[in-house]
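What follows is a set of notes on a single structure, which appears directly below.
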Amino acid sequence: MPELPEVETIVRELRPALVGHTLLHPRLHATDVLRGVSAARLLATLRANRIVEVSRRAKHVVMQFASGHRMIIQPRMTGVLIVYARRRLPEERRYVVLEASLGHGRTFVFQDVRRLGTVWLLDEAGWRSYTARFGPEPLADDFDFARFEACLRGTRQATKKVLMDQRRLAGVGNIYANEALFRARVDPSRPTDRLDRAARRRLYRAVLDVLVEAVEHRGTTVRDYRTGTGERGEHQEALDVYGRGGEPCARCGTRLATTHVIDGRATTFCFRCQGEP
DNA sequence: ACGAGGTCCTGCGAGC
DNA sequence: TGCTCGCAGGACCTCG
């Protein structure tokens with residue numbers, strides 16, 4: 001389930017393969033993923049354009065074209081973006097949403113088993129309003145503690161829900177919210193207005209550390225996620241709590257608990273360690 | 001402003 | 001063995 005570290009990994013691997021190239025013979029195999037653009041207009045724009053940059057915003061891949069258009073791909077749950085440098089195996093040809101040749105036997109593919117992912121085509125004005133919907137990027141150089149505190153202010157919602165609210169903070173999803181809260185020893189259900197300064201500090205540090213480590217491990221592969229070259233990430237080996245309900249806490253040995261009461265999503269935490277204000 | 005719940009979508013594992 | 005059911009969950013929506 002691509003969150004910030006997974007999309008960052010995809011982008012870093014796609015960038016050298018895509019920048020300076022044009023997507024040749026683009027083919028779209030599903031139109032229900034399109035948002036605000038017709039298949040004809042998307043394909044015509046791709047054919048006429050060279051890719052000048054590939055970047056990430058929140059959990060989305062952003063391909064910028066010479067014309068100023070941007071194609072945004074949101075992988076959501078099961079989307080993968082891969083540049084294949086070889087012939088694809090039959091199972092690698094399944095669930096293809098968008099594919100295009102890059103020449104020299106290379107193929108760019110967006111595949112999505114569940115087709116919850118979306119594809120947007122935006123002009124400059126569209127991009128400005130699109131990117132304005134999201135909160136700050138936690139790995140940006142200027143994302144300091146004061147900015148993080150601003151993300152938490154003005155709400156009484158559970159801290160975990162606030163961390164995952166893309167309008168407040170970009171890129172954190174269920175896996176990294178669970179991990180950061182555990183590392184910071186913060187109760188996921190505690191309202192953000194009841195976190196003291198020390199807890200906010202620990203959480204700031206934990207969010208950044210967890211994201212940086214996950215990027216270094218090229219993301220977390222639980223099931224579907226693959227890097228931009230089709231490989232599995234390695235951060236699943238380093239998870240403390242996500243997917244480990246019932247196992248002993250790495251810090252104190254207490255059995256980790258899993259609940260669905262926060263925002264309906266699986267929340268795994270340690271009753272004993274994560275009770276500090 | 002808030003929470004609850006629905007929607008999209010398919011694979012997979014549990015349970016009978 | 002084969003079936004049904006619920007869950008995985010990000011982003012959006014409506015309703016009360």
Side-chain angles (χ1 to χ4, degrees), chain A residues 1-10 28-37 56-62 72-81 90-98 110-120 122 126 129-135 137-138 151-181 188-194 211 214 219-226 232-233 235-236 239 241-246 257-269:
Chain A
M1 42 222 75
E3 304 180 24
L4 184 155
E6 289 75 30
V7 178
E8 182 64 28
T9 302
I10 290 168
L28 188 68
H29 301 287
T31 54
D32 56 352
V33 301
L34 298 180
R35 296 291 182 277
V37 62
R56 177 189 60 75
R57 176 70 171 120
K59 305 172 190 174
H60 310 170
V61 175
V62 182
I72 316 292
I73 298 183
Q74 249 183 309
R76 295 261 189 109
M77 277 294 287
T78 55
V80 297
L81 292 88
E91 61 264 32
E92 292 168 340
R93 294 176 176 274
R94 300 185 73 193
Y95 311 115
V96 172
V97 171
L98 176 66
F110 170 46
Q111 288 160 279
D112 190 354
V113 170
R114 263 135 81 174
R115 273 201 335 284
L116 290 173
T118 52
V119 176
W120 305 63
L122 303 172
S129 60
Y130 189 88
T131 190
R133 299 188 319 204
F134 302 112
E137 287 289 336
C151 298
L152 305 181
R153 256 197 297 277
T155 180
R156 294 176 180 181
Q157 296 200 68
T159 302
K160 177 156 180 267
K161 194 172 194 298
V162 172
L163 288 180
M164 292 169 60
D165 185 343
Q166 301 301 298
R167 292 164 300 184
R168 292 183 166 273
L169 178 66
V172 175
N174 199 35
I175 294 174
Y176 299 108
N178 275 300
E179 293 296 310
L181 287 158
S189 62
R190 181 173 286 265
T192 49
D193 64 339
R194 291 186 53 229
L211 292 176
T220 300
T221 298
V222 176
R223 180 174 296 171
D224 300 285
Y225 162 68
R226 294 293 182 276
R232 297 169 67 88
H235 193 68
Q236 61 278 8
L239 296 174
V241 286
Y242 180 83
R244 297 191 180 279
T258 298
T259 164
H260 289 79
V261 295
I262 303 168
D263 210 21
R265 299 207 174 84
T267 301
T268 303
F269 66 107

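Quick caveat, the model's predicted, so the values are computed rather than measured. Hydrogens, waters and symmetry mates are skipped; everything else that's a heavy atom, side chains included, is used.
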Please list, pair by pair, any protein nitrogen or oxygen found under 3.5 Å from a nitrogen or oxygen in nucleotides 12-14 of chain C.
unit_1: C:dC12; atom_1: OP1; unit_2: A:Arg133; atom_2: NH2; d: 3.0

Check: protein-nucleotides 10-15 of chain B nitrogen or oxygen pairs below 3.5 Å:
unit_1: B:dG11; atom_1: OP1; unit_2: A:Tyr95; atom_2: OH; d: 2.3

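Considering only heavy atoms from C-beta on, A:Leu4 comes within 4.5 Å of A:Glu137 through its side chain. Put simply, the side chain of A:Val172 reaches to within 4.5 Å of the side chain of A:Leu211, judged on heavy atoms.
Without hydrogens or angle criteria, A:Thr221 side chain to A:Gly233 main chain gives a donor-acceptor distance under 3.5 Å.
Counting non-hydrogen atoms under 4.0 angstrom, A:Thr155 reaches the backbone sugars and phosphates but no base.
Listed by chain and number, the residues in a side chain to side chain contact (heavy atoms under 4.5 Å, CB included) with A:Met77 are A:Met1, A:Arg114, A:Leu116 (sequence neighbours excluded).
Under a cutoff of 6.0 Å and an axis angle of 45°, A:Arg57 and A:Trp120 do not form a cation-pi pair.
The CE-C1' distance, from A:Met77 to C:dA11, rounds to 12 Å in whole Å. Rounding to whole angstrom units, CG of residue A:Asp263 and P of B:dA4 are separated by 9 Å. Between the P atom of C:dA8 and the CG atom of A:Asp112 lies a distance of 19 Å, rounded to the nearest Å. Between A:Arg35 atom CZ and C:dG10 atom C1' there is a gap of 12 Å when expressed in whole angstrom units. Atom NE2 of A:His260 is separated from atom C1' of C:dG10 by 15 Å (rounded to the nearest Å). Counting to the nearest Å, the C1' atom of C:dA8 and the CG atom of A:Asn174 are 10 Å from each other. One atom, CZ of A:Arg167, and another, C1' of B:dA1, lie 11 Å apart when rounded to the nearest Å. With rounding to whole Å, A:Leu4 atom CG is found 14 Å from C:dG10 atom C1'.
Using a 4.0 Å cut-off, no side-chain N or O of A:Gln157 falls inside it from OP1 or OP2 of B:dA1. Here A:Lys59 reaches the OP1 or OP2 of C:dA11: one of its side-chain N or O atoms lies under 4.0 Å away.
Scanning all heavy atoms of the two residues, the minimum distance from A:Leu152 to A:Arg168 falls at C-NH1, 4.2 Å. Among all heavy-atom pairs drawn from A:Val7 and A:Pro75, the shortest one is CG2-CG, 4.4 Å. Between A:Thr9 and A:Gly219, the closest heavy-atom pair is OG1-N, 4.0 Å.
Remark: of the listed residues A:Gln166, A:Gln74, A:Arg76, A:Gln74 is the sole one forming a side-chain hydrogen bond (donor to acceptor under 3.5 Å, both in side chains) with A:His60.
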